[in-house]
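For reference, the structure is listed below as structure tokens.
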2 protein chains.
Amino acid sequence: MQKTDVTLVRQVNIRATLRALRAGGAPTLTELARATGLSRQTVETVLAELAGRGLAREVPPSEGGPGRPARRFRFRADARYALGLDVGAHRVLALITDLDGTVVGTERAAVAADAPAAERLTALRAVAEACLTRAGIVRTRLGAVAAGTPGVVDRSGRVTVAGALPGWSGLDLAGVTGGWFGRPGFVGNDANLAAVAEHWRGAARHAGDVVYILAGHRLGSGILIGGRPHLGRTGAAAEIGTLRLLGWEDAPAELTGEATADQIFAAAAQGDPTALKAIDRYAHRVAQGASALILTIDPELVVLGGGFSHAGDLLLTPLRAHLTPLCLTPPEITASTLGDEAVALGATRLALDHIHQDLHI
Amino acid sequence: MQKTDVTLVRQVNIRATLRALRAGGAPTLTELARATGLSRQTVETVLAELAGRGLAREVPPSEGGPGRPARRFRFRADARYALGLDVGAHRVLALITDLDGTVVGTERAAVAADAPAAERLTALRAVAEACLTRAGIVRTRLGAVAAGTPGVVDRSGRVTVAGALPGWSGLDLAGVTGGWFGRPGFVGNDANLAAVAEHWRGAARHAGDVVYILAGHRLGSGILIGGRPHLGRTGAAAEIGTLRLLGWEDAPAELTGEATADQIFAAAAQGDPTALKAIDRYAHRVAQGASALILTIDPELVVLGGGFSHAGDLLLTPLRAHLTPLCLTPPEITASTLGDEAVALGATRLALDHIHQDLHI
DNA sequence: TCAGATATGCAGAAGACTGACGTAACCCTG
DNA sequence: CAGGGTTACGTCAGTCTTCTGCATATCTGA
């Protein structure tokens with residue numbers, strides 16, 4: 001129980017008003033009063049306070065219609081911005097959204113897979129700075145920074161295990177990225193953040209318990225319980241088991257071999273038996289790892305993401321076939337709808353959560 | 001966002017006061033004011049309202065000491081009672097607690113493992129009624145009823161799958177048991193409720209994410225995420241996988257064979273190699289199922305409960321030995337501290353949760 | 001220009017909390 | 001047994017937040 005405060009009611013009403021304000025376009029006081037169940041008078045004073053905090057502004061009344069024109073208000077989504085970063089093996093990506101989650105800038109750069117940590121960080125900082133500059137965001141409007149990375153992340157934002165990236169283990173990624181901009185920094189596992197993004201605005205919008213499979217150059221997994229990532233004791237609940245025990249580390253290389261993934265899937269689309277067989281073997285590997293997660297969590301939905309998810313049914317169909325005998329009642333399985341920006345989007349969601357707390361929204 | 005109300009502050013302060021009231025023995029107004037951060041005046045009016053609702057009463061002031069004797073108040077834990085039931089294959093058990101969770105009555109009866117559902121229900125109702133009568137609880141003080149049962153329970157309190165109990169599948173256990181007393185009824189899976197009980201007042205008091213293994217005449221499992229049972233899409237998150245796929249259904253019979261479990265563990269304690277080997281084989285089976293749960297959830301703690309957990313290290317040691325190679329960093333594993341009343345205790349916790357809501361506590 | 005419709009703005013009242021001040025009850029000391 | 005010290009009680013005024021009702025302002029259409 002937190003400290004009791006007389007202004008608690010005001011806090012609650014501010015939240016309710018903001019909710020209603022953000023839902024519609026440019027509501028009037030009367031509309032807001034109806035939506036929140038508050039009196040018009042209360043809504044008015046709340047809006048005055050929100051305007052003072054820079055979170056709401058009055059817009060010109062609409063024309064036409066009988067009666068006195070109503071004052072209209074709009075949520076200032078530009079009051080703060082969130083910077084989301086995605087550190088991959090082959091590229092880094094930065095993405096900026098406003099408070100509504102609307103993407104206002106994005107920037108990416110290639111990085112060698114064997115680049116040392118310092119080089120990767122330099123590239124990351126460069127895309128982040130470029131993204132801010134090109135979007136024209138002043139530093140004071142940046143609320144928080146968050147990054148997604150392969151590997152295990154502890155609760156303080158430190159990367160404890162990251163075999164995929166040279167020199168990455170032990171890095172205080174939250175501190176470093178936040179420090180660049182003098183803002184709070186946060187870090188999450190890439191699969192977990194992609195899952196968060198899918199829940200926020202992707203394929204898992206209506207599911208609370210979700211198993212997410214990241215199928216790309218690297219194979220990973222994440223879990224959402226009640227819409228929130230489940231991290232576990234060491235911060236890698238879903239990952240820790242699947243990674244080494246079931247051979248997930250080798251599976252992507254085994255699929256592609258000498259060719260690229262695009263070539264394999266293109267060949268399979270043409271009916272090439274060798275490619276089809278390779279994909280089936282890959283799907284079998286994935287299914288074996290996923291079944292442990294699915295049987296334990298009994299999720300509402302399984303989302304397949306990562307670069308390979310572009311293949312769609314080419315990969316989903318064999319995956320479903322291999323999962324069915326392993327699960328008693330197989331859950332729905334669907335492909336990601338967010339593309340390769342899922343991790344960065346999930347990172348901005350992580351940053352936005354902190355910004356909301358910070359603004360007492 | 002619920003309806004906005006000026007009296008929201010009062011609600012919050014009632015909760016805060018109750019919390020402080022329940023923590024200590026018989027606090028004074030001044031002590032409560034200090035504990036809650038409220039003014040003495042506010043605490044006084046809150047207590048008057050609580051007394052009116054039957055949730056607090058004034059007790060005689062303590063003697064001695066300088067100054068005017070302070071009025072002292074006490075939480076009325078006897079305002080409502082919770083009835084918890086445990087339906088087992090060989091026996092039924094009823095347990096009554098007051099609002100503080102103090103057990104004020106318990107009753108049990110043996111039931112044949114192959115008894116039809118009607119007979120089992122009659123026995124269950126008999127122990128429940130006897131428990132209430134012997135504890136002297138009037139019906140109006142009974143707040144809610146909850147029951148634990150083997151098998152899968154859906155969100156409405158209906159048993160959907162229960163292979164262990166004849167005729168049990170499809171039973172609306174929540175409706176039936178609640179109907180006996182004209183009170184709301186709730187039902188949970190036995191392993192899940194035992195896990196809840198361990199988190200409430202047993203071995204898992206300080207752990208949020210817990211894997212619970214029910215090792216008795218039947219082998220089952222439950223999961224706690226953040227201290228709350230994780231049910232999953234169909235209501236049997238942890239169970240569904242372990243039950244059939246890994247041969248957990250046969251494991252108990254395989255261990256005991258012709259003898260009883262007590263005989264096996266007694267022989268093992270004497271160093272009997274056949275008994276030790278049987279236990280080791282059993283532990284191996286358990287570890288294989290548990291590892292999937294542990295690797296997925298990455299729990300802070302694994303609790304071994306059920307009848308066989310009495311064996312203690314005799315079973316824990318081989319279990320740890322088999323789990324270690326399966327987990328990268330094995331979590332702590334400990335035995336239940338609640339004995340065979342864990343399921344019924346978890347059921348009363350489930351009932352108490354509802355009673356608290358009902359009383360707006 | 002007037003009537004109807006819609007929104008605003010002000011005043012009064014109610015619920016809840018706080019802080020201050022005077023009063024009551026008890027113990028200890030002389 | 002009387003007085004002082006100590007602790008707690010109880011009342012009162014003041015503040016914050018909200019809601020309701022009524023008068024006022026502004027626009028459209030006839």
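Naming convention: chains lettered A, B, ... in sequence-line order (proteins, then strands); numbering from 1 in each chain. If you're wondering where the values come from, they're calculated on a predicted model, not measured in any experiment. As a basis for the values below, the full set of heavy atoms in this structure was taken, side chains included, without hydrogen atoms, waters or symmetry mates.
The separation between B/Gln11 atom CD and D/dT17 atom P is 19 Å, rounded to whole Å. Between the CG atom of A/Leu38 and the P atom of D/dT20 there is a distance of 11 Å, rounded to whole Å. Distance CG (B/Leu8) to P (C/dC17): 10 Å, rounded to an integer number of Å.
Listed for the A/Thr102 side chain is no donor-acceptor partner under 3.5 Å among the backbone atoms of A/Asp98.
OP1 or OP2 of D/dC19 lies within a sub-4.0 Å distance of a side-chain N or O belonging to A/Thr42. Distances shown here put every side-chain N or O of A/Arg10 at or beyond 4.0 Å from the OP1 or OP2 atom of D/dC16. Put simply, A/Asn13 has no side-chain N or O that comes within less than 4.0 Å of OP1 or OP2 on D/dT17.
Of the candidates B/Arg22, B/Arg74, B/Arg201, B/Arg80, B/Asp100 forms a salt bridge (charged side-chain N to carboxylate O under 4.0 Å, His left out) with just one, namely B/Arg22. Checked options A/Asn13, A/Leu50, A/Leu359; the residue passing with A/Leu18 is A/Leu50 (criterion: side-chain contact (heavy atoms from CB on, under 4.5 Å)).
At least one side-chain heavy atom of A/His230 sits under 4.5 Å from a side-chain heavy atom of B/Ile225.
There is a side-chain donor-acceptor pair under 3.5 Å between B/Asp154 and B/Ser156.
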What does nucleotides 7-15 of chain D look like as a protein-contact string, B for base, S for sugar-phosphate only, - for none, at under 4.0 angstrom between heavy atoms? BBBBB----

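The pair B/Glu300-A/Arg233 does not meet the salt-bridge criterion, since no charged nitrogen lies less than 4.0 angstrom from a carboxylate oxygen.
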